[in-house]
Protein chains: 2
Amino acid sequence: MLKCNADLDMAFQALGDPTRRAIVERLAAGPASVSDLARPLPMSLPAVMLHLKVLEESGLVRSEKVGRVRTCHIDPKMLSHAERWIGERREMWERNLDRLGAYLDATKPEKEE
Amino acid sequence: MLKCNADLDMAFQALGDPTRRAIVERLAAGPASVSDLARPLPMSLPAVMLHLKVLEESGLVRSEKVGRVRTCHIDPKMLSHAERWIGERREMWERNLDRLGAYLDATKPEKEE
DNA sequence: CTGATACTTAAGTAAATGCTTAAGTGTAAT
DNA sequence: ATTACACTTAAGCATTTACTTAAGTATCAG
């Protein structure tokens, strides 16, 4: 019954956590290793790994491991997707406001022609 | 330690649920009563009320009650806020890609001058 | 006044989240 | 070979979420 946009579900839910947004914020400045990401965060490294897993499964972040260090970076596609979803709804709402305005303009004015 | 953006937390978390996105989707087309919103949804009315409460506390939706019917509508401000947050991070990432490209262009080319 | 409508509140439950500490597994440096 | 480093997995736990049903509380219509 509900449209099935599991990818948006995961992306928005991932962004709904301050730790994960902090990670995205850091990655927006450029790729980083897991330890780099964990260092400023007030939690254990395994906890950061879990957040990274969420971000990666949501498609917002990707990572590759070379040697013993895993480097993470943003995947902008899902960011765009989420951004677009919000933008389209906002625009739909604004068009409705405009239509309502036009309707009121068309019906109310008594001093017409 | 983490930047405190409780409003974004709530907005993104609200959008991270398919039922709530369906409600926003419906409201983008125009205001609706609680029952209107609940009718197509595969759950009880109290459950829908809880989702509405989340949407309202996140600032994405507002509502007024007149008589016995509560009419809900989108508040576009928080939609814009969330959209902007994503957009800024995406752009930051893209600027970084450009800088990297420029750096590579500036250092690698052997056939210069 | 009586019943139907449109929400609202309360109480309870199963599952998902966000951590923790402890114990691994490979890779790199000495 | 030995040690340190950078993750990774596992097990466990407290809290929050997403519902449910049942029992209200105001309107409004007849």
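Within every chain, numbering begins at 1; the chains are lettered A, B, ... in the order of the sequence lines, protein sequences first and strands thereafter.
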Exercise. Hey, is A:R84 close enough to A:E88 for a salt bridge, meaning N to O under 4.0 Å?
Worked result: no
Problem set entry | Test applied, side-chain contact (heavy atoms from CB on, under 4.5 Å); reference residue, A:L55; option that passes from A:T19, A:V61, A:I74, A:L27 | A:V61
For [X] and [N], give me the distance from atom [atom1] to atom [atom2], rounded to whole Å.
X	N	atom1	atom2	answer
B:H51	C:dT8	NE2	P	16 Å
A:E64	D:dA6	CD	C1'	16 Å
A:K53	C:dC19	NZ	P	15 Å
B:E57	D:dA18	CD	C1'	15 Å
A:D9	C:dT17	CG	C1'	16 Å

Exercise. Okay, side chain of B:R89, backbone of B:W85: is any donor-acceptor separation there less than 3.5 Å?
Worked result: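 Looks like yes, one N/O pair under 3.5 Å.
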For this session: Without swapping roles, check the side chain of B:R20 against the backbone of B:H51 for a donor-acceptor pair under 3.5 Å.
Result: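 Looks like no, no N/O pair under 3.5 Å.
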Problem set entry | Per-nucleotide protein contact string for nucleotides 8-17 of chain D (B base, S sugar-phosphate only, - none; heavy atom under 4.0 Å) | BB-------S
Exercise. Which nucleotide in the list D:dC5, C:dG18, D:dC28 gets nearest to the side chain of B:R68?
Worked result: D:dC28
Problem set entry | Side-chain H-bond candidate by donor/acceptor type, B:S58 with B:Q13, under 3.5 Å | no
Problem set entry | Shortest non-hydrogen contact from A:R21 toward A:L15 |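 Distance-wise, the nearest heavy atoms are NH1-O, 2.7 Å.
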